[in-house]
Amino acid sequence: MRAGGIAFVFSCSSLAHHRPNPNKSLFSSSSFISTCRNPIFSNPIRRNPPLKRSISATVMASAAYKPEEARLPPALPLPPPPISKFKIALCQLSVTADKERNIAHARKAIEEAAEKGAQLVLLPEIWNSPYSNDSFPVYAEDIDAGGDASPSSSMLSEVASRLKITIVGGSIPERSGDRLYNTCCVFGTDGKLKAKHRKIHLFDIDIPGKITFKESKTLTAGETPTIVDTDVGRIGIGICYDIRFQELAMLYGARGAHLLCYPGAFNMTTGPLHWELLQRARAADNQLYVATCSPARDAGAGYVAWGHSTLIGPFGEVLATTEHDEAIVIAEINYSVIELRRSSLPIVQQRRGDLYQLVDVQRLKAESH
């Protein structure tokens, strides 16, 4: 029986083919009738259409589904990456109340990662400060001013340039005018700031008896998705809670991202339930790589991080991970696997643009001007 229970296949020595009535549906009960000369079958029987005709019908149906219209504007093709294979380092760092120590500690971890061959280094969310609304204003830096006004980003710039590596610098509290943001800086191999992502979705939750936290008490939400071309490919950036919103990851996928990076600090309630689940979902849904980096767990801190920094492949498979202690996870990314997975599961060509659509508001506005 064919899927959907609409046809049966019988083995016969000779079948008389009849063209379907063009006025009837492909799935009409009398669309395809064949007569079997085997005396066991004295009456006409329903059978599958010839293979060639079935393939043709499938192609026609796929075109009718308008997969290219499932993304507005249409999805960009995956760009050829500047490098096909490289090592990524996820630096799961312990964070203290000593900002100078945190900066020096992060520098040392980045240097160690580079010594191990990493060409891309990812740091945790809020790695230079305790994670608390009381701490954000105290530890915040003016990233745009740079220099002494932002010792954390200045260190990242210097190390990226000196070691000739790309750094997705986790996140730090950023001060801009009278507002505070949870901000991730991306530095290229020349040490220049290539992109700055301000956390779009603020972490405001209340799970009775478990955890209550409202970033919106001190932080302002970012307003721009961030995707950046680097020496190690096109990277979409999210911060922690951003990973819960599949629309953002889908948008990055439609913009041609090879890799999504999410510095994050999930907690002891949501971490065991959702941390790995969300990473694997974002990777599998969009058939690309997903990397996350958490602070190491400090059981005595006001906010206790789950840890478990992880790299996920484009099939949703866990490629590398760690537990909750300090660690530097080194793993290989191979972008050729993306095309392999997409050819095996061609969901891009199977989307139903006739039924649903993801609108990239930012791109649409830019293209209309």
Side-chain angles (χ1 to χ4, degrees), residues 85-95 105-106 108-110 112-127 131 165-171 184 203 232-233 235-244 246 249 252-253 257-299 301 303-338 340-341:
K85 284 184 182 180
F86 65 93
K87 288 183 179 179
I88 183 174
L90 316 174
C91 296
Q92 185 165 289
L93 305 174
S94 63
V95 179
H105 192 58
K108 183 179 179 181
I110 295 169
E112 182 179 339
E115 288 176 4
K116 294 180 178 179
Q119 292 175 262
L120 171 63
V121 175
L122 176 59
L123 297 185
E125 180 184 23
I126 307 294
W127 57 267
Y131 185 87
I165 59 174
T166 300
I167 298 177
V168 177
S171 76
C184 174
F203 180 57
V232 289
I235 303 175
I237 307 294
I239 299 174
C240 199
Y241 205 57
D242 285 338
I243 200 173
R244 289 191 178 275
Q246 66 268 36
Y252 288 150
H258 301 102
L259 165 68
L260 306 184
C261 287
Y262 294 96
F266 269 47
N267 54 74
M268 298 299 292
T269 298
T270 60
L273 289 170
H274 301 151
W275 178 240
E276 182 182 301
L277 173 69
L278 289 167
Q279 295 174 61
R280 297 183 68 185
R282 299 294 84 85
D285 285 349
N286 298 285
Q287 297 178 309
L288 40 65
Y289 283 89
V290 169
T292 61
C293 191
S294 168
R297 189 180 306 171
D298 177 1
Y303 182 95
V304 182
W306 171 241
H308 295 81
S309 301
T310 302
L311 176 67
I312 307 292
F315 227 33
E317 73 276 33
V318 177
L319 297 176
T321 190
T322 187
E323 295 295 325
H324 60 268
D325 294 325
E326 274 208 329
I328 298 177
V329 179
I330 305 289
E332 184 179 79
I333 287 178
N334 182 352
Y335 286 143
S336 66
V337 176
I338 295 178
L340 176 64
R341 298 311 188 196

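Throughout, numbering of the chain's residues begins at 1 and tracks the sequence. Note that the coordinates shown come from a computational prediction; the quantities given were computed from them, not determined experimentally.
In terms of modelled atom types and a separation under 3.5 Å, the side chain of N286 and the main chain of L288 share no donor-acceptor contact. Side-chain atoms of R297 do not come within 3.5 Å of backbone N or O of D325 as any donor-acceptor pair. Between the side chain of S171 and the backbone N or O of I126, at least one donor-acceptor pair lies under 3.5 Å. In this structure a side-chain-to-backbone donor-acceptor pair under 3.5 Å is missing from Y335 to F86.
With respect to K116 and E112, a salt bridge is recorded, a charged nitrogen being found less than 4.0 Å from a carboxylate O.
From I328, atom CD1 reaches atom CD1 of I110 across 9.5 Å, with rounding to the nearest 0.5 Å. Note that the CG atom of L90 and the OG atom of S309 stand 6.0 Å from one another [nearest 0.5 Å]. For the atom pair N267 CG and W306 CH2, the distance stands at 10.5 Å (nearest 0.5 Å). Note: Y289 OH to I333 CD1 = 6.5 Å, rounded to the nearest 0.5 Å. Of the inter-residue distances, the one linking C293 atom SG with L93 atom CG reads 6.5 Å to the nearest 0.5 angstrom. In this structure, CD1 on I312 lies 12.0 Å from CZ on R282, to the nearest 0.5 angstrom.
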Margin query: Walk me through whether D298 and V95 qualify under side chain to side chain contact (heavy atoms under 4.5 Å, CB included).
Written below: CA-CA 8 Å; D298 177 1; V95 179; over 6 Å; no
Margin query: Between L259 and V232, does the side chain to side chain contact (heavy atoms under 4.5 Å, CB included) criterion hold? Intermediate values first, please.
Written below: CA-CA 9 Å; L259 165 68; V232 289; 5.9 Å; no
Note to self: If you apply the rule side chain to side chain contact (heavy atoms under 4.5 Å, CB included), what do you find for T321 with V329, and how did you get there?
What the structure shows: CA-CA 7 Å; T321 190; V329 179; over 6 Å; no
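Side-chain atoms of P263 and L123, non-hydrogen and from C-beta on, never get closer than 4.5 Å to each other.
Here the closest heavy-atom approach between residue P295 and residue A265 is recorded as CD-CB, 3.7 Å. The shortest heavy-atom contact between A299 and V304 is O-CG2, 3.9 Å. Across I243 and F266, no two heavy atoms sit closer than the pair CG2-CZ, 3.9 Å. Contact detail for I330 and A118: the closest heavy-atom pair is CD1-CB, 4.4 Å. W127 approaches G169 most closely through the heavy-atom pair NE1-O, 3.1 Å. Summarising the geometry of A257 relative to G236, their closest heavy-atom pair is CB-N, 4.3 Å, with the distance given to 0.1 Å.
With T292 as reference, Q279 is the one residue of E276, Q279, Q92 to meet the side chain to side chain donor-acceptor pair (under 3.5 Å) rule.
Among residues two or more places apart in sequence or in another chain, the side-chain hydrogen bond (donor to acceptor under 3.5 Å, both in side chains) test is passed with H105 by E326. Contacts of Y131 classified as ring-ring contact (aromatic ring centres under 6.0 Å, His included), with partners at least two apart in sequence or in another chain: F136, F213, Y303.
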